[in-house]
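Predicted model, so just to flag it, every value in this text is computed and none were measured. Just the heavy atoms: all of them, side chains too, but no hydrogens, waters or symmetry mates, feed the values below.
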Amino acid sequence: PNVRIGLQRISSDGHSFMSWGSASNSEGEFKLENVTAGKYEVFVPSQPNSAVRSDPVSVEVIDQDVSGLLVKTSEGGSLSGLVVLEGGDDGSLLARLRQVRLHTYVRNPANESFSSWVRPVTIDPDRGFRVSGLQSGFVNFSFCGVDGRPVQGLALLRVERDGIAQPAGIEIKDGEQITGVRLVVSYGNGKIRGVIKIENGELPLNARFAVWFTDPDDDSRRGHRINQTSPEVDSRGHFLVEGLAAGTYQINAGIFIPGARTRPPSVTKQVNVIDGAVTEITLTLNLEPLPGPDKP
């Protein structure tokens, strides 16, 4: 009873859009209204201080109501640990943590179209945290302010389990209770000011720029995204990233075109950030189609 229901729409290009529906009644019954045609997954999202979770139930809405859905819940996994400052606590970490919330995100390689977000949790006075109701998959984290906005100057450097770095996130199995996690953070005031330029073509009017960070040590084709907030990019392709600790970052730029049948181009560049300084970069996207197998 009284469980919040999540609804995630899956588009034709694999991108998903999540919303929160109404809660179930005392009998566990629920109704989601004003749902437009499309493919969806219905699930119970993870809640703070609750171990309840569910696997998503796939459903397609065509031209009539859908009834009789059965969403089965179970006890999810949990994960607990500490937030620590790289190089040792200088006494100011706790004050900063009072102003942030911890976001938890779980991705499951067996179902790439479905992702699970846990509602933000607070950090305890002893810098400890615990999230529960987790589905199986790889758990990643990020910080945000109490108002939901990105936190300036606080960067998550790495996630450790029993002292071992987990660059792809912490793998958790169904119902597993994991302890000994460390979120290693740093303070910084470095900046990256960038611009995305287009060559060999023009963007459609509905195209949007995107910028994200990936692990510099990940040599896979797509690269693993790291827990650094993605900056907003204006219509001219300009963006600014603030509050970065000194170090090497791998920054990526791409475009999103709704309904596109092919993967839009993207570009990757490594950037060295110096504390207290602004690093200027240019990322160039080549819109020229790649040659096919029958072309030279």
Worksheet entry | Nearest non-hydrogen partners of L32 and I5, listed with the distance | CD1-CG2, 4.1 Å
Worksheet item: R98 and V146: which non-hydrogen atoms are nearest, and at how many Å?
Response: O-CG1, 4.3 Å
Item to complete: Mind checking ring pair (Phe, Tyr, Trp, His ring centres under 6.0 Å) for F129 and listing every partner two or more places apart, or none if nothing turns up?
Response: F141
Discussion item. Does atom CD (E176) have a neighbourhood of more than 12 heavy atoms from anything else shown, all under 6.0 Å?
Written reply: yes
Worksheet item: If every non-hydrogen atom of V84 is compared with every non-hydrogen atom of R127, which pair is closest and at what distance?
Response: CG1-NH1, 3.6 Å
Worksheet item: Are any side-chain N or O atoms of N200 and backbone N or O atoms of N286, one a donor and one an acceptor, separated by less than 3.5 Å?
Response: no
Practice prompt. Not counting sequence neighbours, list each pair that qualifies as a salt bridge (charged side-chain N to carboxylate O under 4.0 Å, His left out) and has a residue in residues 183-193.
Written response: K191-E242, R193-E280
Discussion item. Does D65 have more than 12 heavy atoms from other residues, nucleotides or ligands lying within 6.0 Å of its CG?
Written reply: no
Practice prompt. Taking all heavy atoms of L283 and all of K269, pick out the closest pair and write down the distance.
Written response: CD2-CB, 3.5 Å
Item to complete: Identify whether L85 and L82 are in the same connected component of the hydrophobic contact network (ILVMFWY, side-chain heavy atoms under 4.5 Å).
Response: no
Discussion item. Please check if the number of heavy atoms outside E27 that lie under 6.0 Å from its CD is greater than 12.
Written reply: no
Worksheet item: Counting only heavy atoms not in L69, do more than 12 sit closer than 6.0 Å to its CG atom?
Response: yes
Fill in: Verdict with supporting geometry, R161 and E171, salt bridge (charged side-chain N to carboxylate O under 4.0 Å, His left out)
CA-CA 10 Å; R161 179 180 182 182; E171 184 175 11; over 6 Å; no
Discussion item. Tell me whether E60 at atom CD has more than 12 heavy atoms from other residues, nucleotides or ligands lying less than 6.0 Å away.
Written reply: yes
